[in-house]
Amino acid sequence: MEAMEPWLSFPLLLLYAIAIVGNILILLIVKEEPSLHQPMYYFLSLLSVNELGVSFSTLPTVLATLCLRAQVIAFNVCLAQMFFIHLFSWTESGILLAMSFDRYMAICNPLHYATVLTNARIVAMGLCTVLRSFALILVFPLLLDRLPFCHPWNILSHAYCLHVDMIKLACTDVSLNSHCGLSIVLFTFGLDSTLILLSYVLIFRSVLAIASPGERLKTLNTCVSHVLAVLIFYVPMVSVSMVHRFGAGLPHAVHTLMSLIYLFVPPMLNPIIYSIKTKEIQRRLLKMLFRVRS
């Protein structure tokens with residue numbers, strides 16, 4: 001990665017700036033705009049908080065590597081960073097699932113929408129999502145801590161710590177870690193993506209029952225932002241998994257690029273997508289900009 005560092009510094013810092021500023025703006029806008037005090041935008045706020053968590057989890061080591069040319073990270077620090085990166089990644093999957101349930105209720109059961117998705121239930125769904133991720137990710141550091149790392153120099157593939165990267169550095173059998181990690185990933189991402197797909201099958205079935213083509217398009221348009229958020233999360237995640245498991249012969253730059261896209265692009269794109277597709281967010285954002293200028 002050293003040869004790529006000078007070229008990566010500016011784009012990565014730019015992605016960080018856009019992601020952090022964009023998600024903070026989303027939180028401020030949802031807080032200040034009364035028309036956005038709805039379940040859909042509460043879930044969007046949870047997503048923005050989670051995206052900030054992803055960004056701040058990778059920020060220290062990426063800045064140290066790119067700006068200060070640091071090349072060493074303590075094992076416990078690496079373990080903690082790995083924990084939080086995967087925690088926020090799995091939490092994001094759960095939040096996207098909750099958002100798909102919100103769209104399902106709004107379109108398929110609009111009369112029960114307000115009574116089912118109360119503020120208390122939204123908080124409970126958010127807590128359950130975080131607790132599920134915490135319980136599952138806790139296995140990773142416990143399994144890693146028992147492994148011997150006996151090489152004098154353990155070189156990571158990236159400027160941050162991932163589970164699949166760390167187990168490659170152990171000088172013993174890592175089958176338990178590998179199988180356990182794969183099982184947990186399939187359980188979380190596999191279950192969440194299946195339920196998201198199922199919710200959209202039911203949504204499309206309800207939309208097709210609408211007589212007016214204009215109303216169909218208007219209803220589907222309320223789902224576009226969420227569908228894009230799902231795609232920019234799951235497509236890079238699946239691509240990274242495929243590259244790590246079956247791309248041993250690929251250049252190292254491909255592994256680095258895919259991991260960067262997986263961790264850096266969703267936090268940057270999500271606030272942009274929702275700002276473009278949501279008129280209330282656009283209006284409030286313009287008001288804030290004009291207020292700053294004046």
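This chain uses plain numbering: 1 for the first residue, then up along the sequence. Keep in mind the model is a prediction, meaning the values are calculated, not measured.
Residue His226 comes nearest to Leu96 through the heavy atom pair NE2-O, 2.8 Å, listed as atom of the first residue, atom of the second, then distance. Closest of all the heavy-atom pairs between Leu263 and Ser89 is CD2-OG, 4.4 Å. Closest approach of Tyr234 to Ser193, counting heavy atoms only: OH-N, 3.7 Å. Of all heavy-atom pairs between Met82 and Leu162, the closest is CG-C, 3.8 Å. Residues Gly190 and Thr194 come closest through the heavy atom pair O-OG1, 2.7 Å. The two residues Thr188 and Val185 have their closest heavy-atom pair at OG1-O, 3.3 Å.
Residues in residues 192-219 take part in these salt bridge (charged side-chain N to carboxylate O under 4.0 Å, His left out) pairs, two or more places apart or across chains: Arg132-Asp192. Identified under the ring-ring contact (aromatic ring centres under 6.0 Å, His included) test for residues 124-147, with sequence neighbours left out: Phe83-Phe134, His86-Phe140, Trp90-Phe140, Phe140-His163. Within the structure, the side chain to side chain donor-acceptor pair (under 3.5 Å) test picks out no pair touching residues 117-129 (sequence neighbours left out). Each salt bridge (charged side-chain N to carboxylate O under 4.0 Å, His left out) pair with one or both residues in residues 137-147, not counting sequence neighbours, would appear here, but there are none.
For the atom pair CD1 (Ile137) and CD1 (Ile184), the distance works out to 7.0 Å, reported to the nearest 0.5 Å. Atoms SG and CD1, on Cys161 and Ile85 in that order, are 7.0 Å from each other to the nearest 0.5 Å. Annotation: the span from Ile18 atom CD1 to Leu14 atom CG amounts to 4.0 Å, rounded to 0.5 Å. Here the straight-line distance linking atom CG of Leu286 with atom CD1 of Ile281 works out to 12.0 Å at 0.5 Å rounding. To the nearest 0.5 Å, atom CG of residue Leu15 and atom CD1 of residue Ile20 are 11.0 Å apart. In this structure, the separation between CD1 on Ile29 and CZ on Arg284 is 8.0 Å, given to the nearest 0.5 Å.
Partners of Ser175 according to the side chain to side chain donor-acceptor pair (under 3.5 Å) rule, which considers only residues two or more places apart in sequence or in another chain, are Asp173. Not counting sequence neighbours, the partners of Asn221 by the side chain to side chain donor-acceptor pair (under 3.5 Å) test are Lys277. For Ser55, the side chain to side chain donor-acceptor pair (under 3.5 Å) criterion is met by no residue, not counting sequence neighbours. Evaluation of the ring pair (Phe, Tyr, Trp, His ring centres under 6.0 Å) rule for Phe75 yields Phe149 as partners, not counting sequence neighbours.
In the hydrophobic clustering of this structure, Phe204 does not group with Ile210; members are Ile, Leu, Val, Met, Phe, Trp, Tyr whose side-chain heavy atoms approach within less than 4.5 Å, directly or through other members. Val130 and Leu97 fall into different hydrophobic clusters, defined by Ile, Leu, Val, Met, Phe, Trp and Tyr side-chain heavy atoms under 4.5 Å apart, directly or through other members. The cluster map of Ile, Leu, Val, Met, Phe, Trp and Tyr, joined by side-chain heavy atoms under 4.5 Å apart, puts Leu59 and Val54 in the same cluster. Hydrophobic cluster membership is shared by Val227 and Val238, with clusters built from Ile, Leu, Val, Met, Phe, Trp and Tyr side chains linked at under 4.5 angstrom. Note on Val235 and Leu197: separate hydrophobic clusters, where clusters join Ile, Leu, Val, Met, Phe, Trp and Tyr whose side-chain heavy atoms are under 4.5 Å apart, directly or indirectly.
Put simply, the side chain of Ser199 does not reach to within 4.5 Å of the side chain of Phe101, judged on heavy atoms. Here the side chains of Met125 and Leu117 are in contact, with some heavy-atom distance below 4.5 Å. The side-chain heavy atoms of Phe189 and Phe233, taken from C-beta on, include a pair separated by under 4.5 Å. By the 4.5 Å heavy-atom criterion applied to side chains, Met166 and Cys78 are counted as neighbours. Side-chain contact check for Leu52 versus Phe88: every heavy-atom pair is 4.5 Å or farther apart.
Remark: the backbone N or O of Ser275 is not paired with any side-chain donor or acceptor of Thr278 at under 3.5 angstrom. In this structure a side-chain-to-backbone donor-acceptor pair under 3.5 Å is missing from Ser178 to Val174. Checking side-chain atoms of Ser100 against main-chain N and O of Ile196 turns up no donor-acceptor pair under 3.5 Å.
With no hydrogens or angles considered, no side-chain donor-acceptor pair links Tyr160 and Ser57 at under 3.5 Å.
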Which atom pairs, one a donor and one an acceptor, fall under 3.5 Å between side chains of residues 38-49 and the rest of the protein, sequence neighbours left out?
{"residue": "Gln38", "atom": "NE2", "partner": "Ser35", "partner atom": "O", "Å": "2.6"}
{"residue": "Ser45", "atom": "OG", "partner": "Tyr41", "partner atom": "O", "Å": "3.0"}
{"residue": "Ser48", "atom": "OG", "partner": "Asn23", "partner atom": "OD1", "Å": "3.4"}
{"residue": "Ser48", "atom": "OG", "partner": "Leu44", "partner atom": "O", "Å": "3.3"}

Which atom pairs, one a donor and one an acceptor, fall under 3.5 Å between side chains of residues 106-113 and the rest of the protein, sequence neighbours left out?
{"residue": "Asn109", "atom": "ND2", "partner": "Tyr104", "partner atom": "OH", "Å": "3.4"}
{"residue": "Tyr113", "atom": "OH", "partner": "Asp102", "partner atom": "OD1", "Å": "2.5"}

Please list, one pair per line, the donor and acceptor atoms closer than 3.5 Å that link side chains of residues 266-274 to other protein atoms, with sequence neighbours excluded.
{"residue": "Asn270", "atom": "ND2", "partner": "Glu51", "partner atom": "OE2", "Å": "2.5"}
{"residue": "Asn270", "atom": "ND2", "partner": "Pro266", "partner atom": "O", "Å": "3.3"}

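Through chains of ILVMFWY side-chain contacts below 4.5 Å, Leu127 is grouped with Val123.
By the neighbour-count criterion of 12 heavy atoms within 6.0 Å, atom CZ of Phe84 is sparsely surrounded, having that number or fewer from other residues, nucleotides or ligands.
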Could you go step by step and tell me if Val139 and Cys180 meet the side-chain contact (heavy atoms from CB on, under 4.5 Å) rule? CA-CA 8 Å; Val139 177; Cys180 182; 3.5 Å; yes
